[in-house]
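Data first, discussion second: the structure below is written as structure tokens.
Not measured: the values here are computed from a predicted model.
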2 protein chains.
Amino acid sequence: MDGIPGKVVIARGRATARLQSTELLRELILGGTLAPGQRLNEVELAAQFSMSRGPIRESLQTLAAEGLVTIRSHKGTFVKTFTKDELANLYEVRLVLEAYACRQAALRRTDAEAEVLGGLLDLTRQRLATEGVFLYENDFHLQILAMTHNDVLANQGRYLLVQMALARSRSASSAERSKAALEEHQAVLEAICDKNDAHAADLMERHLGKSYENARRTLEPTLDAADPSGTSG
Amino acid sequence: MDGIPGKVVIARGRATARLQSTELLRELILGGTLAPGQRLNEVELAAQFSMSRGPIRESLQTLAAEGLVTIRSHKGTFVKTFTKDELANLYEVRLVLEAYACRQAALRRTDAEAEVLGGLLDLTRQRLATEGVFLYENDFHLQILAMTHNDVLANQGRYLLVQMALARSRSASSAERSKAALEEHQAVLEAICDKNDAHAADLMERHLGKSYENARRTLEPTLDAADPSGTSG
DNA sequence: TAACAGTTGACTGTTGACAATCACGTCGTT
DNA sequence: AACGACGTGATTGTCAACAGTCAACTGTTA
């Protein structure tokens, strides 16, 4: 647990301790501060978050159900680790779900939503040009999911995005891949603006296929090495 | 909370109190003992399960993340209720996911798995003929999901099945619909046995479409009346 | 009678203490 | 030296008590 530098100060608004710790832990895990496989010590977390173990334990239950951590009875809680097979499974489902979402987004979008998507892409292009960083990719996909106006679909898609962010947290994207991904996003945007649903779905499918290829190539070969968090608890 | 008759006796094996109460609550909710919208009193549950509020609260966190209950801060926990829109959204995603699952199951199935599916159907037919009950429908769909050999896909599908079971807990199926559903299942089975993936997917899509039609027609018109569990916590 | 402030009871949120379990190191035996 | 029983410290699991919040009830006032 030496991944967390010091005590975390919480702005005690009106949210409960449980909700705060849930959010905080989610950020620490998805931000990479808490690495996959790392053990989460309840006492230490409680001290760092300035609360007792009760709310911490309740948060860990939530995160376990969300698939971000694995709880092993009497052993401890660990940040979830992924094997290459699991990554492949995630991509397979994501391909199906997001291609469909893209199709429906093209059909159901409002003009305002399409503009938001375009603005997101402009921002990405700008920061890629000036700073060389490729950002807001997840936001792009989330916005498309929102444009389906189907909360169930959006939630399932978001789950897959989050899982993948964690599974790929040790992989990298080259500058070339970033540029290509941006262009693929641009093409998807245009198809959605044209309300060309079949084309939009096809473009998204190709985009995710290439993304998977890149992920598989750049992943650390140790991805499915010994898993300290085990399988069940 | 008068839905639960008396104290529930727990066979104290080696499972933790939290795991036992999670499983128990899941069964009570999906079995209909705890009806949608009903409030879950932590103190009463703790007494009935012969444990303290700690494990109960942790279980409720898990069930909330699974979408079976809704927690409202300082208000209480309620069995999740559904609106007609949510049911429509569930069916839309289920159609996409299960049609794809059926296609892949046809391609990836082992002979043993196909036999299990057939046995399930035989059992259903038998009990429908002798007792007039239509059972094991969910097991049929779960088996197909398992035959995709993709755990992510199977889990997402199972989530939708569970949600739908809860959303439809106040709807009914006529004897005619049961008979038709059985025949539709039979057709799906045959397509999977023939490894005819396109046909299998198509049949599943039609089957779920008809299932939705039936659900919409037979649902109590009060489904999206005032929601006592509110929207968020 | 209607509206409002204060009170009260029930419930959830949180805490610290205790019990149970596990991993690891130590010691003795073969 | 290798192996296994044992003890020990650390960590999770559970509990009971306390604190905070909310909703309903009461009584008062215009």
Side-chain angles (χ1 to χ4, degrees), chain A residues 1-4 7-8 10-25 34 37-64 69-79 226-233, chain B residues 1-4 7-8 10-25 34 37-64 69-79 226-233:
Chain A
M1 277 290 307
D2 43 35
I4 304 179
K7 180 175 285 191
V8 179
I10 296 178
R12 286 250 174 189
R14 205 164 66 260
T16 63
R18 157 171 49 88
L19 292 174
Q20 291 176 341
S21 80
T22 303
E23 198 172 338
L24 215 35
L25 281 169
L34 299 170
Q38 183 169 347
R39 181 174 187 169
L40 302 182
N41 184 310
E42 296 175 3
V43 178
E44 287 185 30
L45 288 175
Q48 276 156 351
F49 293 178
S50 302
M51 56 183 74
S52 69
R53 284 173 54 217
I56 299 288
R57 285 177 60 84
E58 292 176 8
S59 290
L60 292 177
Q61 287 301 317
T62 297
L63 296 176
V69 303
T70 304
I71 299 177
R72 303 176 62 195
S73 295
H74 302 294
K75 301 281 178 62
T77 302
F78 305 81
V79 179
D227 180 356
S229 74
T231 52
S232 74
Chain B
M1 279 289 309
D2 42 36
I4 304 180
K7 181 175 288 193
V8 179
I10 296 178
R12 286 249 175 190
R14 204 164 68 261
T16 63
R18 157 171 49 88
L19 292 175
Q20 291 176 340
S21 79
T22 303
E23 198 172 338
L24 215 36
L25 280 170
L34 299 170
Q38 182 169 347
R39 181 175 188 168
L40 303 181
N41 184 312
E42 296 175 3
V43 178
E44 286 185 31
L45 289 175
Q48 275 156 351
F49 293 178
S50 302
M51 57 183 74
S52 70
R53 285 172 56 218
I56 299 287
R57 284 178 59 85
E58 292 176 7
S59 291
L60 292 178
Q61 288 299 317
T62 297
L63 296 176
V69 302
T70 303
I71 299 177
R72 302 175 63 195
S73 294
H74 302 294
K75 300 282 178 62
T77 302
F78 306 81
V79 179
D227 180 353
S229 74
T231 52
S232 74

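Regarding B:Ile56, its CD1 atom lies at a distance of 16 Å from the P atom of D:dG13, rounded to whole Å. Computed from coordinates, the A:Met51 CE to C:dG16 P distance equals 12 Å when rounded to whole Å. Atom-to-atom, CG of B:Leu19 to P of D:dT12 comes out at 15 Å; the value is rounded to the nearest Å.
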Detail all sub-3.5 Å separations between protein N/O atoms and N/O atoms belonging to nucleotides 9-13 of chain C.
| from | atom 1 | to | atom 2 | distance (Å) |
| --- | --- | --- | --- | --- |
| C:dC11 | OP1 | B:Asn41 | ND2 | 3.4 |
| C:dC11 | O5' | B:Asn41 | ND2 | 3.3 |
| C:dC11 | O3' | B:Arg39 | NH2 | 3.2 |
| C:dT12 | OP1 | B:Leu40 | O | 3.4 |
| C:dT12 | OP2 | B:Glu42 | N | 3.4 |
| C:dG13 | OP1 | A:Arg18 | NH2 | 3.2 |
| C:dG13 | OP1 | B:His74 | N | 3.3 |
| C:dG13 | OP2 | B:Arg57 | NH1 | 2.5 |
| C:dG13 | OP2 | B:Arg57 | NH2 | 3.2 |
| C:dG13 | N7 | B:Arg53 | NH2 | 2.8 |
| C:dG13 | O6 | B:Arg53 | NH1 | 2.9 |

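Residue contacts for B:Gly54: at a heavy-atom cut-off of 4.0 Å it reaches no nucleic acid atom on any strand shown.
Residues B:Phe49 and B:Gln20 have side chains not in contact (no heavy-atom distance under 4.5 Å, counting atoms from C-beta outward). In this structure, A:Leu40 and A:Ile56 have side chains that are not in contact, with every pair of non-hydrogen atoms separated by 4.5 Å or more. Considering only heavy atoms from C-beta on, B:Leu24 stays 4.5 Å or farther from B:Leu45 through its side chain.
For A:Arg18, the salt bridge (charged side-chain N to carboxylate O under 4.0 Å, His left out) partners two or more places apart in sequence, or in a different chain, are A:Glu58. Not counting sequence neighbours, the partners of A:Thr22 by the side chain to side chain donor-acceptor pair (under 3.5 Å) test are A:Ser59.
Listed for the A:Arg57 side chain is no donor-acceptor partner under 3.5 Å among the backbone atoms of B:Pro55.
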